[in-house]
Q: 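If you scroll down you'll find the structure; I have some questions about it.
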Amino acid sequence: MRRTRAAAVGAVTLSLVLTAAACGGGSPADGSGSGGGKTLTYWASNQGANLEVDKKVLQPELDRFEKETGIKVELEVIPWSDLLNRILTAATSGQGPDVLNIGNTWSASLQSTGALLPWDAKNFGAIGGKDRFVASALGSTGAPGQDPAAVPLYSMAYALYYNKKMFKDAGIAKPPATWDELIADGKKLSKDGKSALGVEGGNLAENIHQVFVLGKQHGADFFTPDGKADFTSDGAVAAVKQYVDLMAAHKIVAPGNAEYAQNQSLADFAKDRTAMVLWQTPGTTFEAQGMGADEWGVAPAPVASGTPGQGTGTNSMVAGINLAVFKNTKNREGALKFVKFMTGDTEQKTLNHAYGSIPPVKSAQQDPVFDTPTVTVLKQTLATSAAALPQVPEESQFETVVGTAVKELFADAAAGRPVTTESVRAKLDKAQQQMPKK
């Protein structure tokens, strides 16, 4: 999905919009929103260290688009904690933007509302064609068998980031490749008030990303092939318990991390309070926190065998940001021009380099600027060992209910309450009961 800021999904649920007529947002109805209009509204997701960083990155590019096309883009950068609720509200009220960023894991859920413009052959043709995009990124743009609900904008993957000095001081020569190694190293690193691994236990989407990957390693998908919730399988239970046990059983995650949801784990890492984090492209945040690029290293996220790959070797979800257009925008022509601009080679290189992400456009991805050691790890992960989250309409509810279950289990661990297979299964069974019945 996206860079996991405070990605907790709030009280507005997808079921509210499934019964409503899909209403697009749009430019003002004063003539500026016609097909040849001069204004677009754009909701961007928070990709940088804070909202102001995003404005500084994006505004010069939007100014360039206006200079080239005569179309002004009115920008609003929205925190991840608010973005999904804002989109769902816009889908019902019609008071939304022309173009917007969405987390790629939401694609099928938002597609099911009918509010987003389908990317059929004609619309893809208007931006240069579908075959410009890498296959892994296109795999998270909507439900299989349907025209995509969005196009890829930024691609990301999870990796293990480690503090070089803390590893050296603990006598650890290389980053762990297996979970057993991570736990063993973690016990050496967790001392003197410092912890081995940072997590964001209060961040529902981050919880989902981690347990989904661990689920793949245990042979579980959380959904059956026909799209039914399957949260209580042995593999799913084992995945959730393994993740929470990093705090509950192995004590290599500090109890305070149970409440983290706003990048606190990255701040701890940058300030030498935590030795490792599993994250998507956090380099710009480390820099903003005063940590130099030579102070941290990156390695593939662990798997049981030590060798990432498909199936039980999966070590990341296919993360990223997609660009969508509200179907009923009053300025579809301008919106398509903007999407073409944002997915063009020049902007793909500029923006993905600024954010430390990977262009999902094949030609842009080949630029030498994306050949750094860090980006190479991420590209390799996306190409060989990442899996897309289930592209089902209920995915956003899955994030809410299972993400909350994991959050509650972390709270139990932080409070010293036992986290057992039975308690994990009970939480996941409760979460499954909250899902729509099929």
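Residues: numbered from 1 along the sequence shown.
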Q: What are the two closest heavy atoms between E206 and Y158, and how far apart are they?
A: OE1-OH, 2.6 Å

Q: For D180 and T178, what are the C-alpha separation, side-chain angles and deciding distance, and is it a side chain to side chain donor-acceptor pair (under 3.5 Å)?
A: CA-CA 5 Å; D180 287 344; T178 71; 5.3 Å; no

Q: Does a donor on one side chain and an acceptor on the other come within less than 3.5 Å for N163 and D272?
A: yes

Q: When the side chains of residues 407-416 are checked against the rest of the protein, which donor-acceptor pairs come out under 3.5 Å, sequence neighbours left out?
A:
residue : atom : partner : partner atom : Å
E408    : OE1  : K427    : NZ           : 3.0
D412    : OD1  : R417    : NE           : 2.8
D412    : OD1  : R417    : NH2          : 3.0

Q: In terms of ring plane angle, is the pair Y162 and F167 parallel, tilted or perpendicular, where the classes change at 30° and 60°?
A: tilted

Q: So, for F231 and F398, is the gap between ring centers shorter than 6.0 Å?
A: yes

Q: Give, for atom CG of N203 and atom NE2 of H209, the distance between the pair rounded to the nearest 0.5 Å.
A: 8.0 Å

Q: For residues Q348 and T343, is any side-chain donor paired with an opposing acceptor at under 3.5 Å?
A: no

Q: In this structure, is the centre-to-centre distance between the rings of F65 and F338 below 6.0 Å?
A: yes

Q: Just by modelled atom types, is the A196 backbone N or O under 3.5 Å from a matching donor or acceptor in the S190 side chain?
A: yes

Q: Is a side-chain donor or acceptor of T381 paired with a backbone partner of A157 at a separation under 3.5 angstrom?
A: no

Q: Would you please indicate if the ring centroids of Y161 and W296 are separated by under 6.0 Å?
A: yes

